[in-house]
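Quick note: numbers below take in every heavy atom, side chains included, and nothing from hydrogens, waters or symmetry partners. Computed from a predicted model, the values in this text were never measured in an experiment.
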Amino acid sequence: MRQKKTRGKTAQIGQRLGCFRYRLVAQGIVVGAAAGLVAVLFRYILQQAGVLLQEAVDFGARHPWFIPVWFAVLLAAAKLVALLLRWEPLISGSGIPQVEGELEGELEQKWWRVLLAKLAGGLLCIGAGLSLGREGPSIQLGAMAGKGFARLTGKFTLREKEEERLLITCGAGAGLAAAFNAPLAGVLFVLEELHKRFCLEMLLATMASAITADWISRCVFGLAPVFSFPMAQELPLQQYWAVLLLGVVLGLLGVFYNACVSWVQALYDKIPWMFVRLAIAFLLAGALVFLWADVLGSGHQLIGKVGGTAWLVLLALFAVKFVFSMLSFGSGAPGGIFLPLLVLGALAGGLFCQGIQALGGDLAVQNCVILGMAGAFAAIVRSPITGTILIGEMTGWVCPLPAVALVSLTAYLTADLLGAQPIYDQLLCRLLKKRAGN
């Protein structure tokens, strides 16, 4: 008799858990649609801003009088972004540390303010040509869409608060999925980077959200992957020593990159006026518009040019893009680092390939470009699984995945052995210390 009662209670608990799971999946779909629409809107306007920026470059080249006008426009944009940051300071930077802090209970973002200010600030900064990416803002925008849905439908009990965090997670994964047409990477990123843990309910709800957002994104931008490459070659086993060596090089690059981010942010902290910090980045973008437009924005167009570029030009591109990225992100401008760091990884992979070829080796440049992006991501962000899947989805799965996994693991271990902190943990610690000091 007692055994029958126990079985009955177990069945009731299982049924309740099943209903809860299905409800979370349904909510994940709704959040995915909301986050996907916001991220797609952000991505679409950025595309149009890129067209306008190119037209400004062409017009300035034909009419020199337009150059000072353009600098005045950039200073006005810097002032607007400074006002937005004063109104809502939590839109600064990529937004991923802010989402991590919210999920850990360290921060509390006002979802509607962040949505409005991040959308406007990100468009002004990335649209003006600063070396920033769309993925961090898309993740924060998606997370705030999830939080908005939770706040508009929840009752703010402890249980509802936990559910709110899960919906924020769904929105963050959906934002990344829509930004890059990468639903699997969106799911893995929130599990590996934001939560660093796994449960079935979180996985199912985030998958539903990311797939929904990806579907919306593909309806607008098509089925083509973000990067178009010639078909990558499968690496012969005897070339895997080069993959290991490249992983070590990229691990060192990741340590240097994270240290430079911290150093540049400390330098900017000595400037008390936010407008002046932003003006430095905006004016530098204005100068590069007319001097070397290839390094503007995220720079993803550079990746397709790596194979046909001489090593001295590649080296110069890498150096200028690196410094420009540091000065753009360190200023506190709203914008991400994913795409710029992937571009730096691609350039580093191209340089590595040309070095091996000069020594008599035989490596395909498209393989090295793909390996460079994956290794740089693993070393800087310290999420090797996400990096492997992300590069696969962004390149249309043309990459040799065993080699990508190996370079990611090697770069990760190299950076970890040298004691470098993952970039988003580093940024979150800095953010919390700064807020505690205020």
Side-chain angles (χ1 to χ4, degrees), residues 74-75 77-86 88-98 100-101 117-118 121-122 124-137 139-140 253-288 295-299 317-345 347 376-377 379-382 420-435 437-438:
L74 290 176
L75 287 175
K79 183 62 177 178
L80 284 174
V81 175
L83 292 174
L84 286 169
L85 284 165
R86 183 184 301 174
E88 182 48 73
L90 288 177
I91 66 167
S92 175
S94 75
I96 294 174
Q98 290 89 321
E100 284 192 21
K118 190 74 170 193
L124 286 169
C125 292
I126 303 173
L130 273 67
S131 185
L132 300 167
R134 64 177 180 260
E135 71 300 318
I139 289 171
Q140 189 178 21
L253 172 63
V255 173
F256 181 67
Y257 182 97
N258 290 6
C260 285
V261 168
S262 181
W263 181 69
V264 171
Q265 287 180 324
L267 282 180
Y268 269 115
D269 283 343
K270 296 179 181 179
I271 303 173
W273 305 283
M274 176 56 70
F275 168 68
V276 177
R277 299 180 199 174
L278 292 168
I280 293 171
F282 273 83
L283 291 176
L284 180 57
L288 289 171
V295 300
L296 292 174
S298 63
L317 277 171
F318 179 88
V320 174
K321 186 65 177 175
F322 188 95
V323 173
F324 185 33
S325 298
M326 290 296 145
L327 293 175
S328 296
F329 186 76
S331 69
I337 60 172
F338 262 37
L339 272 175
L341 77 83
L342 291 180
V343 171
L344 290 172
L347 293 170
F377 185 91
I380 294 169
V381 181
R382 215 67 62 76
Q421 195 176 16
I423 187 66
Y424 293 122
D425 291 353
Q426 171 184 314
L427 294 171
L428 177 59
C429 287
R430 181 180 180 278
L431 174 62
L432 295 177
K433 286 180 181 178
K434 200 169 181 179
R435 288 176 68 85
N438 293 338

Provide the full list of side chain to side chain donor-acceptor pair (under 3.5 Å) pairs with a residue in residues 319-329, sequence neighbours left out, each pair given once.
S131-K321, S131-S325
Do you know which of L253, D425, I423 makes side-chain contact (heavy atoms from CB on, under 4.5 Å) with N258?
I423
With a cut-off of 6.0 Å (strictly less than), are more than 12 heavy atoms of other residues, nucleotides or ligands near CZ of F256?
no
Who are the side-chain hydrogen bond (donor to acceptor under 3.5 Å, both in side chains) partners of E100, not counting sequence neighbours?
none
CE of M274 to CZ of R86: how many Å apart, nearest 0.5 Å?
10.0 Å
Let me confirm one number: the CG-CD1 distance from L344 to I380, rounded to the nearest 0.5 Å.
7.0 Å
Is the backbone of L90 close enough, under 3.5 Å, to the side chain of Q98 for a donor and an acceptor to pair up by distance?
yes
Hey, can you pull the donor-acceptor pairs under 3.5 Å for the side chains in residues 336-343, sequence neighbours left out?
none

Residues in side-chain hydrogen bond (donor to acceptor under 3.5 Å, both in side chains) contact with Q140, at least two apart in sequence or another chain
Q109, K118
Mind checking the OH-CE spacing from Y257 to M326? Nearest 0.5 Å is all I need.
4.5 Å
Taking only residues two or more places apart in sequence or in another chain, which ones pass salt bridge (Lys or Arg N to Asp or Glu O under 4.0 Å) with R382?
D416
Contacts of S331 that satisfy side-chain hydrogen bond (donor to acceptor under 3.5 Å, both in side chains) - sequence neighbours left out
none
